[in-house]
Amino acid sequence: MPVIQVQAKLSADELLQAVEQLSTQELDKFAGEVLKVQARRKAPRPSKRESALLLKIKEAFPKDKQRRYNKLYSKLQEETITEKEYQELLPLVKEQEQLNVRRLEALIKLAQIRQVSVDELMDSLGIRPPAYV
């Protein structure tokens, strides 16, 4: 990559003159980086409140608990669960439900802040409701 000599303080015109010295390949790379900067600046930045709500919305059940929940729930569906396993499943169900309530409350609050429906917010965040059988 060639080194371009520029002044410490550049006007937009001076910067453009410096950019004109780049090869086509370097210009393409530079243009891509400029577009990334522009996208970051134009992207809506959530407020601290919105960021906190987004963290709650993205909160997930711990993987080890989710695996155990899935295994026990499958056994429940297959009617092969033991009483001991059933007693283990109950608090996991309650914890999962509490997490879902917190997530839904956060979705509702964020939708109100952004003045959109919960469905619209979920679509914009790429959240799909669970498919219940």
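Here Ile81 contributes atom CD1 and Leu89 contributes atom CG; the two are 5.0 Å apart, rounded to the nearest 0.5 Å. To the nearest 0.5 Å, the span separating CG on Leu72 from CZ on Arg67 amounts to 13.0 Å. Atom CD of Glu88 sits about 9.5 Å away from atom NZ of Lys75, to the nearest 0.5 Å.
Between Lys65 and Gln96, the closest side-chain pair of non-hydrogen atoms is not below 4.5 Å. Looking at heavy atoms from C-beta onward, Leu53 lies out of side-chain contact with Glu50 at the 4.5 angstrom threshold. The closest side-chain heavy-atom distance from Leu125 to Leu54 is below 4.5 Å. Between Gln66 and Asn70 there is a side-chain heavy-atom pair separated by less than 4.5 Å. Contact check for Leu99 versus Arg102: side-chain heavy atoms found under the 4.5 Å cut-off. Counting heavy atoms from C-beta outward, Glu26 and Lys29 have side chains that stay 4.5 Å or more apart.
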Kindly indicate, with the supporting measurements, whether the criterion side-chain hydrogen bond (donor to acceptor under 3.5 Å, both in side chains) is fulfilled by Asp13 and Gln17. CA-CA 6 Å; Asp13 288 336; Gln17 287 174 3; over 6 Å; no
Using the side-chain contact (heavy atoms from CB on, under 4.5 Å) rule, take Arg128 and Met122 through it: C-alpha gap first, then chi angles, then the decisive distance, then the call. CA-CA 7 Å; Arg128 301 286 171 254; Met122 288 175 66; over 6 Å; no
With salt bridge (Lys or Arg N to Asp or Glu O under 4.0 Å) as the test, would you mind laying out the steps for Glu59 and Arg103 before giving the verdict? CA-CA 7 Å; Glu59 187 179 347; Arg103 292 180 73 217; over 6 Å; no
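The nearest pair of heavy atoms linking Leu22 to Leu27 is CB-N, 4.0 Å. Residues Leu121 and Leu107 come closest through the heavy atom pair CD2-O, 3.3 Å.
Heavy-atom contacts from other residues, nucleotides or ligands closer than 6.0 Å to CD of Gln115 number 12 or fewer. Sparse packing is recorded around CD of Gln25, with 12 or fewer heavy atoms of other residues, nucleotides or ligands lying under 6.0 Å away. Within 6.0 Å of NZ in Lys56 there are 12 or fewer heavy atoms belonging to other residues, nucleotides or ligands.
Residues Thr82 and Glu85 bring a donor and an acceptor atom of their side chains to less than 3.5 Å of each other.
Among residues at least two apart or in separate chains, ring pair (Phe, Tyr, Trp, His ring centres under 6.0 Å) pairs with a member in residues 73-129 are Tyr69-Tyr73.
For the salt bridge (charged side-chain N to carboxylate O under 4.0 Å, His left out) test, no residue two or more places apart in sequence or in another chain qualifies with Asp28.
In this structure, the side chain of Glu120 engages the main chain of Ser117 through a donor-acceptor pair within 3.5 Å. Under a 3.5 Å cut-off, the side chain of Glu14 and the backbone N or O of Ser11 do form a donor-acceptor pair.
Hydrophobic clustering places Leu90 together with Leu92 (ILVMFWY residues linked when any side-chain heavy atoms are closer than 4.5 Å, directly or through intermediates). In this structure, Leu104 is not a member of the same hydrophobic cluster as Val93, with clusters built from ILVMFWY side-chain heavy atoms closer than 4.5 Å.
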